[in-house]
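Presented below is the structure to which this report refers.
In what follows, residues are counted from 1 in the order of the sequence shown. This structure is a prediction, so every number in the text was calculated from the model and none was measured. Both ligands and their constituent atoms are indexed starting at 1 by order of listing.
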Amino acid sequence: TGDHWGYGKEDGPSAWHRHYPVAKGSRQSPIDIIPDEARRDSSLGPIFLKYDRCTSLSIANNGHSVVVEFDDSDDRSVIQGGPLDNPYRLKQFHFHWGGKGCEGSEHTVAGVGYASELHLVHWNAVKYTTYEDAATAPDGLAVLGIFLEQGDDHRWLHTITDVLYMVKFKGSATNFKGFNPKCLLPSNLHYWTYLGSLTTPPLHESVIWIVLKEPIVVSEKQLGMFRILQFSGEEEDQRMRMENNFRPPQPLKERILKKRC
Ligand SMILES: CCc1cc2c(cc1OS(N)(=O)=O)CC[C@@H]1[C@@H]2CC[C@]2(C)[C@@H](O)CC[C@@H]12
Ligand SMILES: [Zn+2]
C-alpha cells in the first residue's frame with residue numbers, strides 16, 4: 001500500500017482532503033502567524049528543553065522528509081513548561097524545505113516564509129501509553145517549530161548534512177548516535193503557541209504547536225544538501241528530487257494565537 005499522498009500537483013496538499021477529510025477541520029496546521037494579533041498570556045511560562053545526546057538512534061528517508069529518531073523509552077529527552085501541563089518525550093525531528101531560498105517553511109510570519117522549518121516532535125507519555133495513541137489525542141503531541149533562514153554556515157548542521165548522501169533514497173536509514181539537537185536551537189526561546197495538527201496526512205488534530213520567534217541561520221550550501229534527497233526509492237525509475245515538502249498555511253478559524261515574549 002504505502003502512502004498515496006505527496007507534494008505533487010495530483011497528490012499534493014490541495015488533494016489530501018479526498019482521503020483525509022480532517023484536512024478541512026477546525027484546527028489544521030500550519031498557519032500564517034500574525035505577530036500583532038498574538039495574545040500575550042501571563043499563564044504562559046518559559047519552555048525548558050532537556051535533551052540527552054545518548055537518545056539519538058538513526059536518520060532515515062521516509063519518502064516525505066529526512067527524520068532523526070530518538071529512544072523515547074524514558075524521560076531523558078523532554079520538553080516542558082510553556083503551554084504544557086507535563087513533560088513530553090522527544091520522539092523524532094525532521095525538516096521541511098523549498099526549492100529556492102524564499103519559501104520552504106510551513107508556518108509563515110505575516111505572510112513571509114523562511115527557507116526551511118525544523119520540527120522537533122514530542123509526545124505526552126504521562127497521559128498516553130504509546131506515541132501512536134498520543135498522535136490521535138488532542139493534547140498528545142507537542143511540536144517545537146524552528147525556522148531556518150538562509151545566511152552563514154550553521155556550525156552544527158554539518159553533522160546532519162554530511163550524512164544525507166547515505167539516506168538519499170526513500171526507505172534508506174543509517175545509524176545516527178550521539179547527536180544532541182540542543183545545538184540546533186536559537187539563543188532566544190521566545191515563542192508563539194496554538195492548537196493545531198500534523199501537517200502531513202493523516203493530519204490528526206493532536207499537536208500543541210510551539211513556534212520559536214528567532215530563526216537559526218544556515219547556508220545556501222547546507223540547504224542545497226537537503227535537495228540531494230529523493231522522494232522516490234532506489235529502484236524507481238523516475239528520479240524525484242525531495243524539495244517543496246511543505247503544506248501551505250491553513251485557516252486559523254476560531255483559534256487564538258498566544259505568545260510568550
Ligand atoms: C507531529 C510529527 C508528525 C507525526 C506523524 C506524521 C507527520 C508528522 O509531521 S508534522 N509535520 O510534524 O506534522 C505523519 C505520520 C504519522 C505521524 C504520527 C504517528 C502516526 C499517526 C502513526 O500512528 C501512523 C502515521 C503516523
Ligand atoms: Zn513537520
Side-chain angles (χ1 to χ4, degrees), residues 1-7 11-13 16-17 19-23 25 27-33 57-70 72 77-79 83-84 88-98 103-108 113-125 127-148 160 170-171 173 181 184 191-212 215-216 223 226 229 231 242-250:
T1 55
D3 292 323
H4 42 251
W5 63 271
Y7 291 96
D11 62 0
W16 291 350
H17 68 94
H19 289 278
Y20 306 94
V22 73
R27 56 173 280 190
Q28 288 291 294
S29 292
I31 60 168
D32 179 38
I33 292 168
L57 294 172
S58 62
I59 186 166
N61 177 334
N62 66 8
H64 307 299
S65 180
V66 56
V67 189
V68 175
E69 296 280 350
F70 288 80
D72 59 349
S77 292
V78 295
I79 183 173
L84 306 174
Y88 283 57
R89 281 185 195 165
L90 178 63
K91 170 73 179 163
Q92 53 109 315
F93 69 76
H94 62 273
F95 298 82
H96 302 264
W97 60 91
E103 60 175 12
S105 65
E106 299 213 294
H107 292 89
T108 53
Y114 286 86
S116 172
E117 186 171 331
L118 161 60
H119 289 159
L120 289 142
V121 179
H122 313 74
W123 64 282
N124 188 340
K127 276 185 74 175
Y128 305 102
T129 319
T130 65
Y131 171 62
E132 286 72 19
D133 287 350
T136 63
D139 59 351
L141 301 179
V143 181
L144 184 66
I146 301 175
F147 293 120
L148 278 65
I160 292 171
K170 173 180 176 180
L184 297 177
Y191 62 85
W192 294 290
T193 184
Y194 75 98
L195 298 179
S197 72
L198 308 186
T199 65
T200 74
L203 298 169
H204 294 323
E205 296 188 325
S206 58
V207 180
I208 298 171
W209 279 95
I210 301 169
V211 180
L212 297 187
I216 59 171
L223 283 165
F226 283 92
L229 299 170
F231 282 122
M242 189 180 278
E243 59 185 18
N244 297 309
N245 56 349
F246 61 94
R247 188 191 194 189
Q250 302 302 309

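Remark: minimum distance from atom 1 (C) of ligand 1 to any protein heavy atom is reached at L198 CD2, 3.4 Å. Counting protein heavy atoms only, atom 19 (C) of ligand 1 is closest to A135 CB, 3.6 Å. Looking at atom 4 (C) of ligand 1, its nearest protein heavy atom turns out to be Y131 OH, 3.3 Å. Atom 6 (C) of ligand 1 has as its closest protein heavy atom T200 OG1, 3.8 Å. The closest protein non-hydrogen atom to atom 25 (C) of ligand 1 is P202 CD, 4.2 Å. From the protein, the heavy atom lying nearest to atom 22 (C) of ligand 1 is E132 CG, 4.1 Å.
In this structure, H96 has a heavy atom closer than 4.0 Å to ligand 1. Using 4.0 Å as the threshold, K91 has no heavy atom nearer than that to any atom of ligand 1.
The aromatic ring centroids of W16 and Y7 lie less than 6.0 Å from each other. Aromatic pair W209/H119: ring centres closer than 6.0 Å. In this structure, H94 has its ring center under 6.0 Å from that of H96. Separation of the W123 and Y88 ring centroids does not fall under the 6.0 Å cut-off.
Looking only at atom types and distance, the side chain of T108 has no donor-acceptor partner in the side chain of Y114 under 3.5 Å away.
Inclusion of Q92 in the set of residues having an N or O under 3.5 Å from an N or O of ligand 1 is not warranted. Looking at ligand 1, you won't find any N or O of S197 less than 3.5 Å from one of its N or O atoms.
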Exercise. Might you work through the side chain to side chain contact (heavy atoms under 4.5 Å, CB included) test for R27 and S206, ending with a clear yes or no?
Key: CA-CA 9 Å; R27 56 173 280 190; S206 58; 5.5 Å; no
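Contact annotation for L141 and ligand 1: only side-chain heavy atoms (C-beta onward) come within less than 4.0 Å of the ligand. At a heavy-atom cutoff of 4.0 Å, ligand 1 is contacted by the side chain of V143 but not by its backbone. The side chain of V121, and not its backbone, has at least one atom closer than 4.0 Å to an atom of ligand 1 (non-hydrogen atoms only; side chain from C-beta on). With a 4.0 Å cut-off on non-hydrogen atoms, P201 touches ligand 1 through its backbone and not its side chain.
Remark: the backbone N or O of V67 is not paired with any side-chain donor or acceptor of S65 at under 3.5 angstrom.
Centred on the Zn ion (ligand 2), the ND1 atom of H119 and the NE2 atom of H96 lie at an angle of 100°, reported to 10°.
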